[in-house]
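Beneath this line is the structure, given in structure tokens, with notes to follow.
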Amino acid sequence: MLGAVYGDIIGSWYEAHSTNDYNFPLLKQSEFTDDTVMTTAVCKAILENDSDIKSLQVKARGYEYAVRYKQYYSYFPHAGYGHMFRKWAAEKNTMKVNRSYGNGGAMRVVPIGYAYSLEEQVLLQAKANCYYTHNCSEAIKGAQAVAMAVFMARNGETKDAIREYITKKFKYDLDYTVADIKPHYQFYVRTINSVPPSIVAFLDSHDYESAVRNAVSLGGDADTMACIAGGIAEAFYKDILEEIKSFCSSRIDMTLKKVLNEFCEKYC
Ligand SMILES: [Mg+2]
């Protein structure tokens, strides 16, 4: 699960210093961003509410996630959130429903692919994770696609099976390579433009590091794309270089690390 967080940390430098070079220096003056903070918020919500999931409706479970988004935003309000999310998260004593089609619902969903053991649970939780901040079909589909890719990868499914499932279920075109789109790829935060290429960055990889390099070197929303590709890649390859682990681990705030470790001990 930490593969998502490490992807965010590695990509953070390149969100502002865009690169198309696959061989970019991996470990720069990198830092965790909103992707890590919100992934941790999802972990916290799951740790506190993981019993009896079938009896809960999407809205009720969505509220539990949303409470944690606001809480963790208040701990780290300058971690690079989108404008719309920041406005929502900063409002106290209300829980409005936002309909953003940005990739924020998909960027934090990796823990859901780890915590739940049935497809229907993963799909429901991924939808609930979007309820208060990304309540539109585009963002929900993106979150469900990423959560299901993680879920299938960690359960030993092949890349072909993952590609086929996501293509059929979510009508995503994943039939291309990173090299095919790199020449014209731009910076997108919209789900439909950034989530499918992040999944392709994983499908087109041969290990954790190459998935993250693929994602970052598209030159787009590097931290979020590397977070998604890295999260799926770790679930699939089940291995991350020690050098990457120790560098990235040293960049995570202790408040977050405590929750992430607790989650990993329980589910990973
Ligand atoms: Mg970010």
Side-chain angles (χ1 to χ4, degrees), residues 1-19 24 26-44 65 68-90 98 100-112 129-130 133-134 139 142-143 146-147 150 185-199 201-202 211-234 244 247-249 251-253 255-257 259-260:
M1 211 285 299
L2 292 172
V5 170
Y6 299 165
D8 172 43
I9 291 169
I10 292 167
S12 65
W13 174 267
Y14 297 99
E15 186 184 16
H17 305 83
S18 171
T19 184
F24 65 86
L26 206 58
L27 311 177
K28 298 281 288 184
Q29 288 172 339
S30 321
E31 56 191 1
F32 71 85
T33 79
D34 54 338
D35 306 65
T36 294
V37 178
M38 288 300 119
T39 297
T40 310
V42 169
C43 288
K44 186 72 177 170
Y65 286 115
R68 296 300 163 210
Y69 302 153
K70 290 205 178 205
Q71 178 188 0
Y72 280 76
Y73 167 84
S74 76
Y75 296 162
F76 304 96
H78 306 295
Y81 309 89
H83 168 72
M84 206 169 160
F85 179 86
R86 214 166 51 233
K87 195 162 170 281
W88 174 88
N98 263 7
S100 165
Y101 52 61
N103 56 22
M107 80 180 186
R108 63 192 178 208
V109 84
V110 168
I112 289 171
N129 138 86
C130 291
T133 58
H134 297 75
V146 173
V150 170
Y185 192 78
Q186 295 173 20
F187 187 103
Y188 302 105
V189 295
R190 190 167 178 158
T191 300
I192 191 60
N193 301 118
S194 55
V195 169
S198 304
I199 297 170
F202 152 68
V212 168
R213 287 190 177 279
N214 279 343
V216 169
S217 66
L218 277 168
D221 188 4
D223 55 338
T224 294
M225 295 180 76
C227 177
I228 293 170
I232 305 168
E234 187 201 14
I244 294 176
F247 173 85
C248 292
S249 185
R251 302 276 163 168
I252 306 171
D253 180 274
T255 308
L256 302 176
K257 201 182 269 187
V259 176
L260 292 167

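Numbers here simply count residues along the sequence, with the first being 1. Read the numbers this way: they start at 1 and go in the same order the structure lists the ligands and their atoms. Note that the coordinates shown come from a computational prediction; the quantities given were computed from them, not determined experimentally.
Looking at Asp34 and the Mg ion (ligand 1) together, the shortest N, O or S contact belongs to OD1. Looking only at N/O/S atoms, Asp35 comes nearest to the Mg ion (ligand 1) through OD1. When you scan the N, O or S atoms of Asp223 for the one nearest the Mg ion (ligand 1), you land on OD2.
Taking the six-membered ring where the residue is Trp, Trp13 and His17 present parallel rings, their angle staying beneath 30° rather than reaching 60°. In this structure, Tyr188 and Tyr185 have perpendicular ring planes: the angle between them is above 60°, well past the 30° mark.
Just one residue in the list Thr36, Asn103, Thr40, Thr133 forms a side chain to side chain donor-acceptor pair (under 3.5 Å) with Arg108, and that residue is Thr133. With Tyr81 as the fixed residue, the ring-ring contact (aromatic ring centres under 6.0 Å, His included) test singles out one of Tyr72, Tyr73, Tyr69: Tyr73.
Within the 2.8 Å limit, Thr33 places at least one N, O or S atom next to the Mg ion (ligand 1).
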